[in-house]
Amino acid sequence: MQDKEKNKQETVLTGITTTGTPHLGNYVGAIRPAIAASQQEHDVNAYYFLADYHALIKCQDSAKVHESTREIAATWLALGLNTDNVVFYRQSDVPEIPQLTWFLNCVAAKGLMNRAHAYKDSVQKNQEAGEDNDFGITMGLFSYPVLMAADILMFNGTKVPVGRDQIQHIEMARDIAQRFNHIYGQHFALPEAVVDDHVAVLQGLDGRKMSKSYGNTIPLFQPVKKLKKHINKIKTNLLEPGEPKNPDDSTVFQVWRAFATKEQTAYMRKEFENGIAWGEAKKQLFELINEELREPRERYNELMENPEHIEKVLREGAEKARSYSAPFMEKLNKAVGLYSLA
Ligand code: TRP
């Protein structure tokens, strides 16, 4: 592994916050493309991690945090993440990350953090509600971009695939890295956000973007009956069987397209024009999705029953991660003046 890494220039790194249960929108937009990438040999190092320290910022229900970590790890493994090509680990298994977070806290400007969107949104909500500006805002939320910078800089991540909402955090990580480098010498590569404009955005049950915060999601792995029920709940209009339907304003068709081949998409477009009944379109949509998820779902259920295996994989990942982070942290400790007196 060390030798394999030496020749690689770029490091792709991204984190998945362990709150909530993955849904079809997460699958289509982020998980499926990332896993497909992991299944090919690339000329880059790749680090994917479960951001469980980040989960604590959003969720103080310990059972939920724990369960979500298990679900998300099982999801990625069940879908075929190739852990030979990707270092897959849990953030909290790498103690160097919080160590580095502190170093970075000591060089990051507070003024920079004041400008972070997530923090500013919370302040604005407080103002609108007539509350004190700081009401309900923890230091975890305020300094969250510093933790994220540590995640990235710890492994010298250069390319960071994220959603648009995260671009600012990557810019902050660059800024913090530059400050550290300026004070202590050249230690960190400067990361760049990679935003895929073609990434599929899936609509939810009500036709808005599928998102946990809208409560309109279809969970990725659930018993067949429940999947069917969810699909039946997708909003449609009142057109009767036989009446032509417009595929381009239909959530059923939009979701279909995310799972279909080109030919299947063309076929369903025709069916819409021919006035397919909503019930029939949904039945076929269920079958299409179920076909893609059936095998992974079985593996998922097995993994969920067998957390020992997940744990083993994560520990192996942490070991690989730490073979990089531990010696690097030793260097950084020296750089800031924390080392043995004798
Ligand atoms: N904050 C990111 C999100 O909410 C998750 C994340 C945590 C992350 N640490 C990261 C992403 C480091 C990229 C790099 O989506």
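These numbers were taken from a predicted model, which means no experiment stands behind them.
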Keeping the roles fixed (side chain from Lys245, backbone from Glu243), state whether a donor-acceptor pair exists under 3.5 Å. yes

Taking distance alone, no hydrogens or angles, what donor-acceptor pairs closer than 3.5 Å link side-chain atoms of residues 184-194 to residues at least two apart or in another chain?
from, atom 1, to, atom 2, distance (Å)
Gln186, NE2, Phe188, O, 3.3
His187, NE2, Tyr184, O, 3.1
Glu192, OE1, Lys159, NZ, 3.3

Could you check whether Lys312 pairs with Glu308 (Lys NZ or Arg NE/NH1/NH2 to Asp/Glu carboxylate O, under 4.0 Å)? no

Under a 4.5 Å side-chain heavy-atom rule over Ile, Leu, Val, Met, Phe, Trp and Tyr, are Leu50 and Leu56 clustered together? no

All N/O donor-acceptor pairs, side-chain side in residues 11-18, below 3.5 Å, sequence neighbours left out:
from, atom 1, to, atom 2, distance (Å)
Thr11, OG1, Asn45, ND2, 3.3
Thr14, OG1, Pro161, O, 2.8

Determine whether a donor-acceptor pair (N or O, by modelled atom type, separation under 3.5 Å) exists between the side chain of Asn82 and the backbone of Gln39. no

Of Glu291, Glu292, Glu298, which meets salt bridge (Lys or Arg N to Asp or Glu O under 4.0 Å) against Arg294? Glu291

Verify whether one side chain among Asp52 and Ser92 offers a donor that lies under 3.5 Å from an acceptor in the other. yes

Working note: Asp151 + Tyr47, criterion side-chain hydrogen bond (donor to acceptor under 3.5 Å, both in side chains); need CA distance, chi angles, decisive distance, verdict. CA-CA 10 Å; Asp151 294 332; Tyr47 290 85; over 6 Å; no

Kindly compute the distance separating CG (Asp175) from CD1 (Ile170), expressed to the nearest 0.5 Å. 13.0 Å

Check whether NZ of the Lys or CZ of the Arg Arg297 lies under 6.0 Å from the centre of the six-membered ring of Phe221 and within 45 degrees of that ring's axis. no

Flag the pair Trp256 / Phe272 as yes when their ring centroid distance falls below 6.0 Å, and as no otherwise. no

Heavy atoms from other residues, nucleotides or ligands near CZ of Arg208 exceed 12 (cutoff 6.0 Å): yes

Do Val146 and Val160 sit in the same hydrophobic cluster, where Ile, Leu, Val, Met, Phe, Trp and Tyr count as joined when their side-chain heavy atoms come under 4.5 Å apart? yes

What class does the angle between the rings of Tyr89 and Phe155 fall in, given that below 30° is parallel, 30 to 60° is tilted and above 60° is perpendicular? tilted

Strictly distance-based, threshold 3.5 Å: is any side-chain N or O of His230 a donor or acceptor partner for the main-chain N or O of Lys226? yes

Flag, side chain of His23 to backbone of Gly25, donor-acceptor distance under 3.5 Å: yes

Between Glu273 and Arg269, does any NZ, NE, NH1 or NH2 come within less than 4.0 Å of an OD or OE carboxylate oxygen? no

Main-chain N/O of Asn246 paired with Ser250 side-chain donor or acceptor, under 3.5 Å: no

In terms of hydrophobic clusters joined by side-chain contacts under 4.5 Å, are Tyr214 and Leu24 together? no

Under 6.0 Å between ring centres: does that hold for Phe88 and Phe49? no

Could you grab the distance from atom NZ of Lys282 to atom NZ of Lys228, nearest 0.5 Å is fine? 13.5 Å

Give the C-alpha distance, both sets of side-chain angles, the deciding distance and a yes or no for side chain to side chain contact (heavy atoms under 4.5 Å, CB included) between Leu100 and Ile97. CA-CA 5 Å; Leu100 178 57; Ile97 293 172; 5.9 Å; no

Distance under 6.0 Å and angle within 45° of the ring axis: does Arg32 meet both against Phe259? yes

N-O pairing of Arg322 and Glu319 below 4.0 Å: no

Please check if the side chain of Thr75 supplies one atom and the backbone of Glu71 the other of a donor-acceptor pair under 3.5 Å. yes

Could you list the donor-acceptor pairs under 3.5 angstrom formed between side-chain atoms of residues 106-124 and any protein atom two or more places apart in sequence or on another chain?
from, atom 1, to, atom 2, distance (Å)
Ser122, OG, Ala118, O, 3.1
Gln124, NE2, Glu128, OE2, 3.1

When the aromatic ring centroids of Tyr53 and Tyr144 are compared, is their separation below 6.0 Å? no

Gln254 side chain to Val201 backbone, donor-acceptor under 3.5 Å: yes

Are the side chain of Asp61 and the backbone N or O of Lys64 linked by a donor-acceptor pair below 3.5 Å? yes

How long is the span from the CE atom in Met210 to the OG1 atom in Thr251, to the nearest 0.5 Å? 9.0 Å

For the pair Ser68 (side chain) and Val65 (backbone), establish whether a donor and an acceptor sit closer than 3.5 Å, ignoring hydrogens and angles. no

Under 3.5 Å donor-acceptor, Asn216 side chain and Ser211 backbone: yes

Is it true that the side chains of Glu305 and Tyr300 contain a donor and an acceptor less than 3.5 Å apart? no

